[in-house]
Amino acid sequence: MSQFPPNTAISTYYTEIAHKYDLKGIFYLDLWPFGPSQMILVDPDAAELVTTIDNYPLHDEVARYLTPLLGEDAIGAADGEKWKMLHQILVPAFRPSNIKAAAPIIAEQVSKLLSPALTAHAQTGEVFSMEKYAAQLVFGISSMVILGDNVSKEEATHLLKSLNHIVDYATTLTLTTAVNPLTKANKWWKKRAATQQMDLFLQRFVTNRFAQIAEGKIGRDGTNLTMLDTILSNARGTQCEAHDPTALKPAFLRIVIDNLKGLLLGGFGTTADTLCYVFIMLAFHPTVVTNLREEHNNVFGSDIGSPKTILQKSPHKLDELVYTTAVIKETLRLFPVGFGARRAKPGTTLLTYNNMHYPTRDQMIIPCTHTIHYDPEVFPHPTTFDPARFLDSTAAKVPKDAWRPFERGARACPGRGLAMDELRIILLLTIRHFDFQCAGVDSERSITARARHTDMDLAMGDLAFQEMGFSAKARGGTMMRVSAVRL
């Protein structure tokens, strides 16, 4: 562990172990007495066995981690029939038409929250935390898309503060270095208060919103619905009180509240972390930036004001940004932010892979996306940042099911389409106007590579190794400088 910076994401260690000992397919780690024995799946076909071919249950540790943060009814912590029920409630909110309708909202939030900040920092040349602005932006987008524009500025500020406290406490549970017990207790109390405040706000908000929908004041024509509106509209007639059609049943209200917290927290963490790494990779690859700008001009025109106007009328033009999409995919290949764990399927004790039987009893089964993405037999030259590997001419060479940052199968992230559109729009509205530079990297660069699985630290220093947080994130707050592009 000493070869990596403090609190390096656990998936990095799995990948380094696999490379050091040339471990393929499936291997085991016995972590007693610090944790459960782990069965690590590092081949796409092996990972498919427990995520797509069979949907293995979540490991109990996942629920133990997420339930105190989100609640008993959050889909991320649910399994079996309960998960299926929650899936049916939530997935309609992520239908493609809803996601494309969010494009103008995303563009507006970028123009309102990110572009002015970047302009100000370009004028001063000072170092700033991209993580801070990415979190604010993604929360602003999530709040608008999920809840709508009826959240006041003051309420949004309190929501963001509460989310920060929840993430801060969640991070202490994942750190690989010791945490002062008093510090951990203090963070727990702040998390507890933040969760209670979010619950009270969301209870009032959802109750009022459902009453408006039931009275026909919202969504009468089925357009301009938020994700929450879609969930509540589908619940009319089945989840309202028998004596009052404008009031939700308490059990369903609890489900909605817990999963709103999950939606806000999930996007707040993972999408913001990915955005930071996209900007980091562009800072080190100016040729990629040139290619991005060329595509943006070709698809949306060179007029500075045109992209927002076009997105309002034709959000599907985002699908024409094939190189931009490839840049995001390649960033997620190198720096996947998610992590999942399964347990043995009921009634089974073995997993059959390549005609061999692997014991699954009492194992934490981990399909390790990071290790798969760094396998040179799966992705040749894995530490080279090469978006072209995801373009039509070469994408066919990528093995089926190998790219899995959103996981695959029934439990694949339902918000993946929204996340990809958010990132495409953010790049569209920033990259033509700003150049990015990582701060403080020169002092951290390695003379020789510290790891077997990557040599990116030769150029990127510690930024090559993700840091543990609510998700695997960019290190040190993503400190950057930005300069304006002269057109």
Where Thr12 and Phe465 come nearest, the two heavy atoms and their spacing:
CG2-CD2, 4.2 Å
For a side-chain contact (heavy atoms from CB on, under 4.5 Å) check, start with the C-alpha distance between Leu147 and Leu260, then their side-chain angles and the critical distance, and finish with the verdict.
CA-CA 9 Å; Leu147 302 178; Leu260 287 178; 4.2 Å; yes
Any donor-acceptor N or O pair under 3.5 Å, side chains Ser302, Arg432:
no
Less than 4.0 angstrom from a charged side-chain N to a carboxylate O is my criterion; do Arg404 and Glu48 meet it?
yes
Within-4.5 Å side-chain heavy-atom neighbours: Phe201 and Glu155:
yes
Within the distance-only criterion (no hydrogens, no angle test), does the side chain of Asp54 pair as donor or acceptor with the backbone N or O of Tyr56 below 3.5 angstrom?
no
Lys100/Asp319 salt bridge by N-O under 4.0 Å criterion:
yes
Check: Asp229/Thr226 side-chain N/O donor and acceptor closer than 3.5 Å
yes
Main-chain N/O of His373 paired to Arg333 side chain as donor or acceptor, under 3.5 Å
yes
Would Arg389 pass as a cation-pi partner of Phe379, given that its NZ or CZ must be under 6.0 Å from the six-membered ring centre and within 45 degrees of the axis?
no
Give the intermediate values and the outcome of side-chain contact (heavy atoms from CB on, under 4.5 Å) for residues Leu86 and Lys82.
CA-CA 6 Å; Leu86 295 173; Lys82 184 175 184 178; 4.2 Å; yes
Looking only at atom types and distance, does a side-chain atom of Thr15 sit under 3.5 Å from a main-chain N or O of Thr371, one as donor and one as acceptor?
yes
Sub-3.5 Å donor-acceptor pair from the side chain of Glu126 to the main-chain atoms of Ala120, do we have one?
no
Charged N to carboxylate O below 4.0 Å: is that the case for Asp79 and Arg411?
yes
Minimal heavy-atom distance between His121 and Val482, with the atoms involved, is CB-CG1, 3.8 Å
May I ask you to check whether Asn55 and Arg342 show a side-chain donor-acceptor distance below 3.5 Å?
yes
Candidate pair Gln437 and Ser483, rule side chain to side chain donor-acceptor pair (under 3.5 Å), full reasoning
CA-CA 8 Å; Gln437 178 187 357; Ser483 57; over 6 Å; no
Take His158 and Glu154, measure what side-chain contact (heavy atoms from CB on, under 4.5 Å) needs, and give me the verdict at the end.
CA-CA 6 Å; His158 285 304; Glu154 182 181 4; 3.8 Å; yes
Could you tell me which non-hydrogen atom of Pro116 sits nearest to which non-hydrogen atom of Ser111, and how far apart they are?
CD-O, 3.1 Å
Pairing donors with acceptors under 3.5 angstrom, does anything connect the side chains of Thr246 and Glu215?
no
I'd like to know whether Arg475 forms a side-chain contact (heavy atoms from CB on, under 4.5 Å) with Thr8, so could you lay out the CA-CA distance, the side-chain angles of the two residues, the decisive distance to 0.1 Å, and finally the verdict.
CA-CA 9 Å; Arg475 189 170 294 277; Thr8 292; 3.2 Å; yes
Counting N and O atoms only, with roles assigned by atom type, does the side chain of Glu467 sit under 3.5 Å from a partner on the main chain of Gly476, one being a donor and the other an acceptor?
yes
So, for Ala74 and Asp258, which heavy atoms are closest and what is the spacing to 0.1 Å?
N-CB, 3.9 Å
Would you say the side chain of Glu330 lies within less than 4.5 Å of the side chain of Phe390, judging by non-hydrogen atoms?
yes
May I ask you to check whether over 12 heavy atoms, not counting those of Glu61, lie within 6.0 Å of atom CD?
yes
Sequence neighbours excluded - ring pair (Phe, Tyr, Trp, His ring centres under 6.0 Å) pairs with any residue from residues 318-341
Tyr277-Phe335
Are the charged groups of Arg254 and Asp199 less than 4.0 angstrom apart, N to O?
yes
With a 3.5 Å distance limit and no angle check, can you tell me whether Asn164 reaches the backbone of Leu160 through a side-chain donor-acceptor pair?
yes
If I compare all heavy atoms of Val50 with all of Leu41, which pair ends up nearest, and what's the gap?
CG2-CD2, 3.8 Å
Would you call Arg408 and Asp401 a salt bridge, taking side-chain N to carboxylate O under 4.0 Å as the test?
yes
State which residue, out of Tyr133, Phe284, Phe279, Phe128, fulfils the ring pair (Phe, Tyr, Trp, His ring centres under 6.0 Å) condition with Phe436.
Phe279
Can you name the closest pair of heavy atoms from Leu282 and Val289 and give their distance?
O-CG2, 3.5 Å
Within a strict 4.5 Å, meaning less than it, do heavy atoms of the Leu118 and Met130 side chains meet?
yes
Does a sphere of radius 6.0 Å around NZ in Lys84 hold more than 12 heavy atoms from other residues, nucleotides or ligands, not counting ones at 6.0 Å or beyond?
no
Quick check: does any side chain N or O of Ser314 sit under 3.5 Å from a backbone N or O of Leu311, one acting as donor and the other as acceptor?
no
